[in-house]
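Just follow the structure's listing: the first ligand is 1, and inside any ligand the first atom is 1. Not measured: the values here are computed from a predicted model.
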Amino acid sequence: MSEPTVFLTNEQVEFYHREGYLVIDNVAPLQEIARMREIYDDLFANRVGRQEGNQFDLAGTDDDDEEASLPQILGPSRYAPELKQAQCVTNALAIAKQLLGAEAASTGDHAILKPPFHGASTPWHQDEAYWSPDWDYNSFSLWLPLQDATVENGCLQFVPRSHKLDVLPHHSINNDPRIHGLEVDDADLTTVVACPIRAGSCTVHHNRTLHYAGPNNSPTPRRAYIMGFSCPGVRRTIPRTFPWNEAKQTPRQERAARAVASVESLP
Ligand SMILES: O=C(O)CCC(=O)C(=O)O
């Protein structure tokens, strides 16, 4: 593994803990971004992971004959292991150890594509709302666009300090439990900060930070490669429930269950 080339200043570490997000420059060399873009486009074009439920439409009902408005791949590096060798992966882990502590480790990667003029918005949400309610988390997502990210093409936007909130009530997009994506029911958006960044830079956000990305109104795809990092979770003593997840019934879950069943039926 290569050596990290990024070291956060104390001001950056303090900013993350105070505001719940952070912009970091020069995380990936531009040549590496160009190569990652090729890999990324191949993964989406070949619909890798579709049968196992790992490629789906985050913002739609995921019908086979409809073009996805917000295609997502869970775990793209298992289909393209070359991604794991990237300098930005080494840098991301070093950033995680600085922000979360020495025990921080990768929790996986995913990819969200906003097709030109067609990519839907990613609604306001907190990442923790997708997860098990049984644990307390100390984690973040590192969001790396594979081209410049602008307000026009769907850069990330954050509500500063919202990581200090509890997990707020969420619902499936359009209140349709067949849709994977979640949206917060209600949130104070008066202090929103949009974070346009250049290719090679990234943003980082805490698992409770409210965030959003607008639709892609540009003529080129908006590609984001996202890496998760966490310290070990702590089992909660005070129970809570996330009813929005209990109600889910997505085609993605059905494909995943069928894929598991077909492996289990092998002799
Ligand atoms: O890329 C996007 O549109 C949204 C990304 C996101 O929600 C995340 O990284 O947690």
Side-chain angles (χ1 to χ4, degrees), residues 16 20-24 27-28 33 36-37 40-41 43-44 55-60 68-77 88-89 92 95-96 99 106-131 137 139-159 162-163 165 167-168 170-173 179-184 187 189 192-197 199 201-218 220-230 244-245:
Y16 168 78
Y21 73 97
L22 179 67
V23 174
I24 308 170
V27 168
I33 292 283
M36 289 174 78
R37 206 157 48 216
Y40 191 99
D41 287 350
L43 294 176
F44 279 103
Q55 180 161 174
F56 52 91
D57 188 356
L58 167 61
S69 60
L70 201 52
Q72 178 170 19
I73 300 174
L74 302 182
S77 61
C88 62
V89 174
I95 290 167
L99 291 182
S106 166
T107 54
D109 58 348
H110 63 115
I112 301 181
L113 170 67
K114 288 190 195 273
F117 292 130
H118 169 70
S121 64
T122 315
W124 285 102
H125 68 280
Q126 295 164 300
D127 289 340
E128 193 176 332
Y130 280 91
W131 303 344
Y137 303 93
S139 70
F140 70 73
S141 284
L142 186 147
W143 189 86
L144 181 80
L146 302 184
Q147 69 296 301
D148 294 349
T150 61
V151 172
E152 187 196 19
N153 74 5
C155 66
L156 280 196
Q157 307 193 25
F158 302 103
V159 176
S162 53
H163 64 309
L165 299 170
V167 175
L168 301 173
H170 284 63
H171 57 272
S172 295
I173 293 174
I179 299 179
H180 175 85
L182 292 175
E183 177 169 28
V184 71
L189 301 179
V192 167
V193 175
C195 288
I197 52 175
S201 302
C202 72
T203 58
V204 160
H205 60 269
H206 181 277
N207 46 281
R208 287 200 183 168
T209 302
L210 277 161
H211 58 288
Y212 160 91
N216 183 0
N217 291 319
S218 84
T220 50
R222 193 234 58 182
R223 308 166 183 88
Y225 180 64
I226 301 142
M227 292 175 257
F229 293 89
S230 185
W244 50 88
N245 289 337

Is there any salt bridge (charged side-chain N to carboxylate O under 4.0 Å, His left out) pair reaching into residues 144-154, and which pairs are they, with sequence neighbours excluded?
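For residues 144-154: Asp148-Arg198.
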Assess whether side chain to side chain donor-acceptor pair (under 3.5 Å) is satisfied between His110 and Gln72, documenting all intermediate values.
CA-CA 7 Å; His110 63 115; Gln72 178 170 19; 2.8 Å; yes
What distance separates His206 NE2 from Leu22 CG, expressed to the nearest 0.5 Å?
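Here the interatomic distance stands at 13.5 Å.
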How many angstroms lie between atom CG of Leu156 and atom CD1 of Ile197, to the nearest 0.5 angstrom?
7.5 Å
Any non-hydrogen side-chain atom of Val159 less than 4.5 Å from a side-chain atom of Trp124?
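When only atoms from C-beta onward are counted, Trp124 and Val159 do touch, with a gap below 4.5 Å.
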Tabulate distances under 3.5 Å between N/O atoms of ligand 1 and N/O atoms of the protein, writing both atom names on each line.
unit_1, atom_1, unit_2, atom_2, d
ligand 1, 1 (O), Trp143, NE1, 2.9
ligand 1, 1 (O), Arg222, NH1, 3.2
ligand 1, 1 (O), Arg222, NH2, 2.8
ligand 1, 3 (O), Thr122, OG1, 2.6
ligand 1, 3 (O), Arg222, NH1, 3.0
ligand 1, 3 (O), Arg222, NH2, 3.3
ligand 1, 7 (O), His125, NE2, 3.2
ligand 1, 7 (O), His211, NE2, 3.1
ligand 1, 10 (O), Asp127, OD1, 3.0
ligand 1, 10 (O), Asp127, OD2, 3.2
ligand 1, 10 (O), His205, NE2, 3.2
ligand 1, 10 (O), His211, NE2, 2.9

Say whether Asp109 and Tyr225, considering side chains only, have a donor N or O and an acceptor N or O under 3.5 Å apart.
yes
